[in-house]
Amino acid sequence: MTGKNRENYNKNYIAYVNSFDPPTQHFKNCFRAFIVGGFICVIGQFLRIMLEEVAGLSGDELAGTVSVILIFLGTLLTGFGVYDRIGRNAGAGSIVPITGFANSVASPAIEFKTEGLVYGLAAKMFIVAGPIIVYGVLAGTIVGIIYLFL
């Protein structure tokens with residue numbers, strides 16, 4: 001196949017593939033992500049205010065408690081299959097908050113639980129979140145070392 005024929009073939013193939021793919025609605029997707037991500041943050045802020053006023057928590061205790069509650073809610077909703085439906089409609093709006101991280105740990109654990117506690121649940125739990133944790137710790141260490149020497 002010559003260069004000109006290959007170029008036409010590639011263009012025809014791309015046009016063929018695009019004919020099956022619906023057009024992406026960027027504004028609609030961004031709006032949904034903004035609304036859902038913002039709503040998750042509003043829930044977190046509500047929890048923060050309530051724990052501050054009712055339980056009298058402050059500082060690190062308050063931040064830690066709100067984080068634990070949001071992680072629990074994200075995991076609970078993942079277990080009931082609700083968070084996956086939210087993620088399908090909200091996209092990045094459901095992934096970015098801390099509840100998205102809880103979902104990325106709980107989903108593989110639930111999916112592979114039939115393979116047993118060790119080879120299924122424990123081994124596959126961090127299949128999605130593992131690289132995030134590793135590179136997050138690595139980046140934090142590098143930034144800490146740079147900060148130490150500055």
Side-chain angles (χ1 to χ4, degrees), residues 10-11 13-150:
N10 288 341
K11 286 181 183 178
Y13 179 73
I14 290 171
Y16 175 73
V17 170
N18 288 338
S19 70
F20 291 101
D21 194 23
T24 304
Q25 299 173 339
H26 296 293
F27 182 75
K28 184 178 176 182
N29 293 342
C30 289
F31 182 73
R32 284 181 177 174
F34 176 77
I35 294 298
V36 171
F39 184 68
I40 292 171
C41 293
V42 166
I43 292 170
Q45 188 64 36
F46 174 77
L47 290 170
R48 183 179 176 89
I49 292 169
M50 294 308 294
L51 287 170
E52 195 172 28
E53 296 296 323
V54 175
L57 296 177
S58 64
D60 290 340
E61 291 174 339
L62 178 61
T65 304
V66 171
S67 296
V68 167
I69 291 171
L70 287 173
I71 289 169
F72 173 77
L73 290 174
T75 305
L76 184 69
L77 291 175
T78 299
F80 287 132
V82 175
Y83 207 88
D84 293 332
R85 283 185 271 152
I86 293 170
R88 256 184 262 126
N89 292 315
S94 66
I95 295 171
V96 174
I98 196 168
T99 53
F101 182 75
N103 174 264
S104 71
V105 172
S107 289
I110 292 168
E111 183 178 345
F112 294 105
K113 72 180 178 184
T114 57
E115 295 180 23
L117 288 177
V118 175
Y119 292 115
L121 188 117
K124 305 289 185 173
M125 185 182 299
F126 293 105
I127 203 164
V128 175
I132 297 167
I133 295 170
V134 168
Y135 290 114
V137 169
L138 182 65
T141 303
I142 291 170
V143 169
I145 291 170
I146 292 170
Y147 183 73
L148 178 70
F149 289 115
L150 292 180

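From a predicted model like this one, the values you see are computed outputs, not experimental measurements.
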Could you grab the distance from atom [atom1] of [X] to atom [atom2] of [Y], nearest 0.5 Å is fine?
X      : Y      : atom1 : atom2 : value
Asn29  : Asn89  : CG    : CG    : 10.0 Å
Ile145 : Leu150 : CD1   : CG    : 12.0 Å
Thr75  : Leu70  : OG1   : CG    : 10.5 Å
Phe72  : Leu77  : CZ    : CG    : 9.5 Å
Arg32  : Arg88  : CZ    : CZ    : 12.0 Å
Thr78  : Asn103 : OG1   : CG    : 3.5 Å

At their closest point, which heavy atom of [X] faces which heavy atom of [Y], and how far apart are they?
X      : Y      : answer
Ser104 : Pro108 : O-CD, 3.2 Å
Arg48  : Leu62  : O-CD1, 3.6 Å
Ser107 : Asp84  : OG-OD1, 4.0 Å
Ser94  : Gly87  : OG-CA, 3.2 Å
Ile98  : Ser67  : CD1-CB, 4.0 Å

Check: Does the side chain of Leu47 reach to within under 4.5 Å of the side chain of Thr65, using non-hydrogen atoms?
Finding: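 With C-beta onward as the side chain, the pair stays apart.
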Notebook entry, point to check: Parallel, tilted or perpendicular: which fits the ring planes of Tyr16 and Phe20, with parallel below 30° and perpendicular above 60°?
Noted result: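 Tyr16 vs Phe20 ring planes: perpendicular.
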Margin query: For Gly100, is there any backbone N or O sitting under 3.5 Å from a side-chain donor or acceptor partner on Tyr83?
Written below: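 Yes.
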